[in-house]
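First up is the structure itself, then whatever we jot down about it.
Atom set for the values below is all heavy atoms of this structure, side chains included, hydrogens, waters and symmetry mates excluded. Below, read A as the first sequence line, B as the second, and so on, with proteins coming before strands; counting in each chain starts at 1.
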Protein chains: 2
Amino acid sequence: MSQHRHPGAPGSAGAVPALPDLPEATVARLPEYLRALHNLADGGHETVSSEGLATAAGVNSAKLRKDLSHLGSYGTRGVGYDVALLIEQIESVLGLTQRRAVALVGVGNLGHALAGYDGFASRGFRIAALFDADPARVGEEINGLVVRHVDELSRVAAEESIAIGVIATPAAAAQPVADQLVAVGVTSILNFAPCVLSVPEGVDVRKVDLAIELQILSFHEHRKASLTALPATGGSALTALPGGLAANDSQEAIGT
Amino acid sequence: MSQHRHPGAPGSAGAVPALPDLPEATVARLPEYLRALHNLADGGHETVSSEGLATAAGVNSAKLRKDLSHLGSYGTRGVGYDVALLIEQIESVLGLTQRRAVALVGVGNLGHALAGYDGFASRGFRIAALFDADPARVGEEINGLVVRHVDELSRVAAEESIAIGVIATPAAAAQPVADQLVAVGVTSILNFAPCVLSVPEGVDVRKVDLAIELQILSFHEHRKASLTALPATGGSALTALPGGLAANDSQEAIGT
DNA sequence: AGGCGCTTGTGAAGGGGTGCACAAATCGCG
DNA sequence: CGCGATTTGTGCACCCCTTCACAAGCGCCT
Ligand SMILES: NC(=O)c1ccc[n+]([C@@H]2O[C@H](COP(=O)([O-])OP(=O)(O)OC[C@H]3O[C@@H](n4cnc5c(N)ncnc54)[C@H](O)[C@@H]3O)[C@@H](O)[C@H]2O)c1
Ligand SMILES: NC(=O)c1ccc[n+]([C@@H]2O[C@H](COP(=O)([O-])OP(=O)(O)OC[C@H]3O[C@@H](n4cnc5c(N)ncnc54)[C@H](O)[C@@H]3O)[C@@H](O)[C@H]2O)c1
């Protein structure tokens, strides 16, 4: 299906690293599967069916099977997937076999919470350094890490081989900080500031904007209110659906 | 996302605001446009071209025009869009003309940061109440709001007409909290806990999971590293045997 | 050994989103 | 008053994703 790769040389050749080249949508779901799998493993399950895992991850089972098939997963027909093996596979694909070092820039209100978040550590990452521009903040110790001045970013980034930068500064400072991160070789950035970052090609940016999430919810809230206020013209008023409490579809994450 | 609703009204008839029934992808971008527009307005701009606004919002200009056309927006050919008018339109569509009340449940590490976040207030929302289950936390005052016990949720929700619930509790508590929110009539939930919530139809859930964002970045980081490490088909015939050294992490070889 | 039930993996259909390219509309200016 | 420059709005083709439905594969039981 997904053979877009131009083969460099026809004939035999082969032997290309053959990275799976997964669809973005699949990549975005793999972490969710991984979390569900860890839960299952903790619960003592050794295998799980696509149906079971799909439910735990909040997705459609066909979608899950297709996602897993993309990474050449090893399931057993009639049985399901080996939980431990699948965890290993997904972690490998996501590049979580190595514990990547994360630098957090902006240790303010939000930055403090992030610095103390154990979800970082428990899911494959290591907060390697904290930075802030405020001299009053520099030197402060959080969770065993000392806040350093951003001017030290270059030196520390090299020492710690920072792989991912997290920006938790005010919006006005986000672009300069991003530039500094890029300058020291960071090619992945998670941005909490409500602004668009401009980065060179090859650098990935993901954004988390709380206000946007709320505004999207607001839209649906608004729409729901309008619909109930003005009942749907046609016949079917509130069509009582069977199974009133069915779990809804997957809850969307953020991102593109 | 939840299911579609009945299509728009058949005959015209009603002089209703004509609910646009926007594509989800468009809805997700409108807040970004809104933010960019506010920046432009603060900068003194009165009009803006689709190209200019698209750049500010980090999207393609054709996409932006199509998005705006969906909400029947009023642009002027040869000129552009009236910034103030467009702000008004988008805010109206998103239901931001009223300041929605938000309840935050779980005032821990992250909850504290959220409670103090002014991006809430400045973008159309009002934190109306804080809740926690820990008696030690109840009574604490944050930003002029007193933390209450979750048992009071029912009463307070009615008083403040809570529209949106934000969950910032540990994952184990998220589902019960969601159930409580739904029970008191909340139909929009923003979930920061890393778990899937099951809610009745008609309730919208959006999820923010920091670890997932990092893991997605990790994937791309991993892929980029593999690509640069093994440049595309060097030309010389060193890699002869397929799968010669597949012992390492890369589990390629997805069979067709 | 063979049949049976269960589950995976996937072909194919359908829907939605994206971006190009262009006609239509508007303004400013000669 | 008309013309050209500019910019919107959108038809269309393409691509990705989702979902259904089912054949193939696997283990188990008889
Ligand atoms: N607080 C939240 O819950 C929340 C939620 C979502 C998004 N955000 C966004 O996250 C960002 C941070 O929010 P906050 O509430 O922590 O703000 P804050 O003001 O409390 O913290 C910002 C920190 O960044 C530091 N800083 C400023 N310029 C810097 C620079 N050039 N280099 C390094 N550090 C610099 C400041 O010294 C400060 O410590 C903002 O953009 C905000 O909009 C916050
Ligand atoms: N801290 C972060 O930066 C961060 C980032 C992303 C996601 N998260 C997630 O957000 C959630 C909260 O993280 P945290 O670091 O603030 O944890 P925390 O332990 O500091 O805070 C959790 C709070 O929830 C309260 N709580 C527990 N059960 C409750 C219940 N049933 N009803 C009401 N309140 C209850 C606790 O008393 C506590 O105050 C977690 O699920 C975490 O995984 C945190």
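Within the 4.0 Å cut-off from OP1 or OP2 of C:dA21, not a single side-chain nitrogen or oxygen of B:R65 is found. For D:dT19, one of the phosphate oxygens OP1 or OP2 lies less than 4.0 angstrom from a side-chain nitrogen or oxygen of A:K63. OP1 or OP2 of C:dC20 sits under 4.0 Å from a side-chain N or O of B:N60. Regarding contacts with the backbone of D:dG9, a side-chain N or O of B:Y81 is found under 4.0 angstrom from either OP1 or OP2.
Whole-Å rounding puts the A:D67 CG to C:dG9 C1' distance at 13 Å. A:H70 has its NE2 atom 10 Å from the P atom of D:dT18, to the nearest Å. In this entry the distance linking CD of A:E24 with P of C:dT18 reads 14 Å, nearest Å. Whole-Å rounding puts the A:L71 CG to C:dT8 C1' distance at 14 Å. In this structure, CD of B:E51 is placed 13 Å from P of C:dG19, rounded to the nearest angstrom. Atom CG in A:L64 sits about 12 Å away from atom P in D:dT19, given to the nearest Å. We find that OH of A:Y74 is positioned 18 Å from C1' of C:dT7, with the value rounded to whole Å. For the pair B:Y33 OH and D:dT8 P, the computed distance is 13 Å after rounding to whole Å.
A:S218 places a side-chain N or O within 3.5 Å of a backbone atom of B:L94 that can act as its donor or acceptor partner.
Nearest to the side chain of A:S50, among D:dT10, C:dT10, C:dT8, sits C:dT8. The nucleotide whose nearest atom lies closest to any side-chain atom of B:R77 is, among D:dC17, D:dT7, C:dG17, D:dT7. Residue B:A62 places its side chain closer to C:dG19 than to any other of C:dG19, C:dG17, D:dC22. Here D:dT18 is the nucleotide among C:dC27, D:dT18, D:dT7 with the atom lying nearest to any side-chain atom of A:A25. Of the candidates C:dT26, C:dG17, D:dG9, the closest approach to any side-chain atom of B:T76 belongs to C:dT26.
Remark: A:E88 CD is loosely packed, at most 12 non-hydrogen atoms of other residues, nucleotides or ligands lying under 6.0 Å away. Within a 6.0 Å radius of CD in B:Q98, other residues, nucleotides and ligands contribute more than 12 heavy atoms.
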| query | Taking it one step at a time, do A:V196 and B:V59 satisfy side chain to side chain contact (heavy atoms under 4.5 Å, CB included)? | reply | CA-CA 10 Å; A:V196 175; B:V59 303; over 6 Å; no

| Under the side chain to side chain contact (heavy atoms under 4.5 Å, CB included) criterion, do B:Q89 and B:L68 qualify, and how do the steps go? | CA-CA 10 Å; B:Q89 291 257 334; B:L68 295 186; over 6 Å; no

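Checked by distance alone, B:K66 brings no side-chain donor or acceptor within 3.5 Å of a matching partner on the base of C:dG17.
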